[in-house]
Chemist: 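The following block contains the structure, expressed as C-alpha cells.
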Amino acid sequence: MASAATAAVFGFVGVAHAADNKEIQMLHWWTSGGEAAALNVLKQDLAKEGYTWKDVPVAGGGGEAAMTTLKAMVAAGNPPTASQILGYFALDYAEAGKLGDVSSIAAKEHWADVVPKALQKFTTTNGKWDAVPVNIHSVNWVWINKAVMEKIGGTEPKSFDDFVALLGKAKAAGVIPLALGGQPWQEATMFDSVVASTGGIEFYKKAFVDLDESALKSATMKQAFDNLAKLKEFVDPNFAGRDWNLATAMVIKGDALVQVMGDWAKGEFGAAKKVAGSDFLCYRFPGTDGSVIYNTDMFALFNVSADRKAAQLALADATMSISFQSAFNVVKGSVPARMDVPDTAFDACGKKGIADVKSANAKGSFVGSMAQNYAQPPAVAGAYHDVVTKFFHGEIKTSDAAVTELVKAINNAK
Ligand code: GAL
C-alpha cells in the first residue's frame with residue numbers, strides 16, 4: 001500500500017530514477033531493546049521498497065544528547081534525511097527554515113483528517129507538513145510486576161494516597177518499591193504525573209501550558225513537590241543516574257514493584273517476552289485516569305538535496321501507513337498517531353491507551369508533557385527539569401523554595 005501511494009506521489013514530482021539517492025539517514029535515540037525492535041519494523045518496511053538505512057543512533061533516553069548532535073549536523077549544513085524529534089524542538093527547526101515539505105502526499109492521503117489537531121501544531125508549519133508523527137506516547141502510566149503485586153497483596157491504586165500505601169506495602173515486604181532512574185528528564189517525566197494527580201488536569205494546563213504564575217507558585221504546586229518528596233522514600237540507594245530501561249528491567253525481573261514511566265517502558269516488557277495482564281499490569285498514574293499527558297515521537301523531515309527527496313517521501317509515506325502504525329506501535333508500547341488504526345493487534349494496555357487518547361482528545365484532557373517538550377519550548381522545559389531534579393536530589397530543600405525557584409527559572413528561560 002505504501003509503495004503504491006509513493007508511486008502516485010512520484011507521478012507528481014517526477015519519476016524516481018537512477019540518480020536518486022536510495023539512502024535514508026535517520027538520527028534517533030532508540031537504542032534500548034524495545035526501541036531498537038520497533039525501529040526494525042520501519043527499516044524492514046523500507047528495505048522491501050529498495051531503500052537502504054543509515055542509522056545515526058545517539059544513546060540517551062529522552063533525547064537530550066540526540067538533540068545536541070542534530071543541532072551540530074544541521075549547523076554544518078549536513079542534516080539527516082529525518083530525525084526523531086519532540087514537540088517544540090521541531091517548531092524551532094521549522095521557524096529557521098530547515099525543514100522540507102511532504103504536503104503533496106499528506107493531502108493525497110488526508111493526514112489532516114486522521115491525526116489529532118493537537119499534534120498537527122507540531123507536524124505542520126502554515127499548513128505545510130514538515131514532520132510525521134510516528135506514535136502517541138503518554139507519560140502518565142505505572143508499570144507493575146504482577147507476581148510481586150500478588151506477593152504483597154496489593155490492589156490497583158486509585159489515588160496518590162493509595163499509591164503511597166501500595167509502595168509502603170512493598171517496602172514492608174522487603175521489595176524495592178519504586179524503580180527509578182535518577183536522571184533529570186526521568187524525574188521531570190514522573191513529576192508531570194504527580195502534578196496532574198495532585199491538582200487535576202486543568203491545574204496542570206494552567207501551570208504548564210499557560211505558565212500561569214499563580215498556579216506555578218500555588219499551594220497546589222507546593223503539595224505536588226511534597227508528594228514528589230514522598231516518592232523518594234521508596235527508591236533504592238542506587239537510583240541516581242540509572243538509565244530508564246535498567247529501571248524497567250528491575251520491574252521485569254521482579255526486583256522492584258513498579259516504575260512510573262511513559263509507555264515506551266511497555267516496549268521493554270515486550271522485548272523480554274512479558275505479557276500484559278499475566279506478567280505485568282499497567283494503570284494510569286493514580287489520580288490521572290481519563291487524562292493523557294502525551295509526547296509524540298515525530299520524524300522531522302529536513303531540507304535535503306533533490307536527489308534525497310524521493311527517499312524522504314518514501315519514509316514519510318511508510319511512517320504514515322495504517323499497517324505500519326499498527327505494527328510499529330505494538331512493539332514500541334505507544335499507540336498510533338492516526339485515529340483510524342484498529343486496536344486489534346494491541347494488548348490490553350495498548351487497547352486502553354488507544355481508547356484513552358480518543359476520549360481525552362474529545363474532552364480536552366489530551367495535554368502535552370512539560371518534561372518531554374510538548375507543553376513549552378526546550379529552554380522552559382530544561383528549566384523545569386533542572387528545578388525538579390535539584391529538589392529530588394536535595395539541593396533545593398523545601399517545596400516552598402522549589403516553587404520560588406520554578407517561577408524564577410521559567411521566567412529566565414521564557
Ligand atoms: C522519549 C521518547 C520515547 C522513548 C523515550 C526513552 O523521549 O519519546 O520514544 O524513546 O524517550 O528513550
Chemist: Nearest 0.5 Å, what's the CG-NZ distance between L216 and K206?
Modeler: 10.5 Å

Chemist: In chain order, what residues pass the ring pair (Phe, Tyr, Trp, His ring centres under 6.0 Å) check against Y204, with sequence neighbours excluded?
Modeler: F208

Chemist: Under the rule for ring pair (Phe, Tyr, Trp, His ring centres under 6.0 Å), what residues qualify as partners of F239, not counting sequence neighbours?
Modeler: F392, H393

Chemist: Can you sort out the partners of T344 under side chain to side chain donor-acceptor pair (under 3.5 Å), two or more places apart, ordered by chain and number?
Modeler: none

Chemist: Taking all atoms of both residues into account, what is the closest heavy-atom pair of G62 and W29, and its distance?
Modeler: N-NE1, 3.4 Å

Chemist: Taking side chain as C-beta onward, heavy atoms only, is T31 less than 4.5 Å from N245?
Modeler: no

Chemist: Could you tell me which non-hydrogen atom of A318 sits nearest to which non-hydrogen atom of F324, and how far apart they are?
Modeler: O-CB, 3.2 Å

Chemist: Hey, is E213 close enough to K217 for a salt bridge, meaning N to O under 4.0 Å?
Modeler: yes

Chemist: Would you say Q376's side chain and M370's backbone share a donor-acceptor pair under 3.5 angstrom?
Modeler: no

Chemist: With a cut-off of 6.0 Å (strictly less than), are more than 12 heavy atoms of other residues, nucleotides or ligands near CD of Q223?
Modeler: yes

Chemist: From F302 CZ over to S83 OG, what is the distance, rounded to the nearest 0.5 angstrom?
Modeler: 5.5 Å

Chemist: Is there a donor in the side chain of R284 and an acceptor in the side chain of N140, or the other way round, less than 3.5 Å apart?
Modeler: yes

Chemist: Using every non-hydrogen atom in the two residues, find where N295 and S138 come nearest and quote the distance to one decimal.
Modeler: OD1-N, 4.2 Å

Chemist: Between H137 and T296, is any pair of side-chain heavy atoms under 4.5 Å apart?
Modeler: no

Chemist: Is the shortest distance from a Lys or Arg side-chain nitrogen in K98 or D130 to a carboxylate oxygen in the other one below 4.0 Å?
Modeler: no

Chemist: Between D101 and K309, is there a side-chain N and carboxylate O pair less than 4.0 Å apart?
Modeler: no

Chemist: For F122 together with W129, are the ring centres under 6.0 Å from each other?
Modeler: no

Chemist: Can you name the closest pair of heavy atoms from G368 and A375 and give their distance?
Modeler: O-CB, 3.8 Å

Chemist: Looking at CG of D45 and CG of L315, how far apart are the two atoms once the value is rounded to the nearest 0.5 Å?
Modeler: 10.5 Å

Chemist: Angle class for the F269/W143 ring planes (parallel below 30°, perpendicular above 60°, tilted otherwise)?
Modeler: tilted

Chemist: Any side-chain heavy atom of F280 within less than 4.5 Å of one from I144?
Modeler: no

Chemist: Treating Q25 as the side-chain partner and A82 as the backbone partner, does any N or O pair qualify as donor plus acceptor under 3.5 Å?
Modeler: no

Chemist: With side-chain contact (heavy atoms from CB on, under 4.5 Å) as the test, would you mind laying out the steps for L27 and M73 before giving the verdict?
Modeler: CA-CA 10 Å; L27 190 147; M73 285 176 78; 3.5 Å; yes

Chemist: Check whether any side-chain heavy atom of D340 lies under 4.5 Å from a side-chain heavy atom of I322, and answer yes or no.
Modeler: yes

Chemist: Within a strict 4.5 Å, meaning less than it, do heavy atoms of the D279 and K146 side chains meet?
Modeler: no

Chemist: Would you say K117's side chain and A112's backbone share a donor-acceptor pair under 3.5 angstrom?
Modeler: yes

Chemist: If we ignore hydrogens and angles and just use 3.5 Å, is the side chain of N361 paired with the main-chain N or O of V357 as donor and acceptor?
Modeler: no

Chemist: Return a table of donor-acceptor pairs under 3.5 angstrom between the side chains of residues 88-96 and protein atoms on other chains or two or more places apart.
Modeler:
from	atom 1	to	atom 2	distance (Å)
Y88	OH	K121	NZ	2.8
Y93	OH	K71	N	3.4

Chemist: Could you check whether any side-chain heavy atom of Q259 comes within less than 4.5 Å of a side-chain heavy atom of W141, counting everything from C-beta outward?
Modeler: no

Chemist: Indicate whether any N or O donor in one side chain lies under 3.5 Å from an N or O acceptor in the other, for T389 and E187.
Modeler: yes

Chemist: Would you mind reporting whether V139 and V260 have side-chain heavy atoms less than 4.5 Å apart?
Modeler: no

Chemist: F191 vs F225 aromatic rings, parallel, tilted or perpendicular, using cut-offs 30° and 60°?
Modeler: tilted

Chemist: Working to the nearest 0.5 angstrom, can you tell me the gap between Q312 CD and L301 CG?
Modeler: 4.5 Å

Chemist: Could you verify whether a donor N or O on one side chain and an acceptor N or O on the other, from D55 and H28, lie under 3.5 Å apart?
Modeler: yes

Chemist: Should the pair K352-D347 be classified as a salt bridge under the 4.0 Å nitrogen-to-oxygen rule?
Modeler: no

Chemist: Answer yes or no: does atom NZ of K253 have more than 12 heavy-atom neighbours from other residues, nucleotides or ligands under 6.0 Å?
Modeler: no

Chemist: Just by modelled atom types, is the G61 backbone N or O under 3.5 Å from a matching donor or acceptor in the W185 side chain?
Modeler: yes

Chemist: Carefully, step by step, assess V132 and M298 under the rule side-chain contact (heavy atoms from CB on, under 4.5 Å).
Modeler: CA-CA 5 Å; V132 281; M298 299 182 289; over 6 Å; no

Chemist: CG/D289 to OG/S159 distance, rounded to the nearest 0.5 angstrom?
Modeler: 12.5 Å

Chemist: Under a plain distance cut-off of 3.5 Å, with no hydrogens placed, do Q183 and D243 share a side-chain donor-acceptor pair?
Modeler: yes

Chemist: Please lay out, stage by stage, how T123 and Q120 fare under the test side-chain hydrogen bond (donor to acceptor under 3.5 Å, both in side chains).
Modeler: CA-CA 5 Å; T123 57; Q120 292 184 42; 5.7 Å; no

Chemist: For T189 and D192, test the side chains for any donor-to-acceptor distance below 3.5 angstrom and give the result as yes or no.
Modeler: no

Chemist: Taking atom types as modelled, find out whether S334 and D263 have a side-chain donor-acceptor pair closer than 3.5 angstrom.
Modeler: no

Chemist: If you take all heavy atoms of L228 and V194, which pair is closest and at what distance?
Modeler: N-CG1, 4.1 Å

Chemist: Identify, with sequence neighbours excluded, every residue that meets side chain to side chain donor-acceptor pair (under 3.5 Å) alongside H385.
Modeler: none

Chemist: Should K390 and D386 count as an ion pair when the cut-off is N to O under 4.0 Å?
Modeler: yes

Chemist: State whether E268 and K266 are salt-bridged, where the test is any N-O pair (Lys NZ or Arg NE/NH1/NH2 against Asp/Glu carboxylate O) under 4.0 Å.
Modeler: no

Chemist: Treating D212 as the side-chain partner and A215 as the backbone partner, does any N or O pair qualify as donor plus acceptor under 3.5 Å?
Modeler: yes

Chemist: Would you say NZ of K363 has more than 12 non-hydrogen atoms from neighbouring residues, nucleotides or ligands within 6.0 angstrom?
Modeler: yes

Chemist: Any donor-acceptor pair under 3.5 Å linking the side chain of K358 with the backbone of M339?
Modeler: yes

Chemist: Would you say that M320 contacts I105 through its side chain, given a criterion of any heavy-atom pair below 4.5 Å between the two side chains?
Modeler: no

Chemist: Can you name the nearest heavy-atom pair linking D20 to A310, along with the distance?
Modeler: OD2-CB, 3.7 Å

Chemist: What is the distance from atom CD of Q44 to atom CH2 of W53, rounded to the nearest 0.5 Å?
Modeler: 11.0 Å

Chemist: Looking at K128, is its backbone amide N or carbonyl O close enough to the side chain of T125 to form a donor-acceptor pair, meaning the two atoms are under 3.5 Å apart?
Modeler: no

Chemist: Please confirm whether K22 makes a cation-pi placement over Y51, using NZ or CZ under 6.0 Å from the six-membered ring centre and within 45° of the ring normal.
Modeler: yes

Chemist: Does a sphere of radius 6.0 Å around NZ in K414 hold more than 12 heavy atoms from other residues, nucleotides or ligands, not counting ones at 6.0 Å or beyond?
Modeler: yes

Chemist: Distance-only, no hydrogens or angles: does the E150 side chain make a donor-acceptor pair with backbone N or O of A147 under 3.5 Å?
Modeler: no

Chemist: With no hydrogens and no angle check, is any side-chain donor or acceptor of S321 less than 3.5 Å from a backbone partner on D317?
Modeler: no

Chemist: Can you sort out the partners of F163 under ring pair (Phe, Tyr, Trp, His ring centres under 6.0 Å), two or more places apart, ordered by chain and number?
Modeler: F285

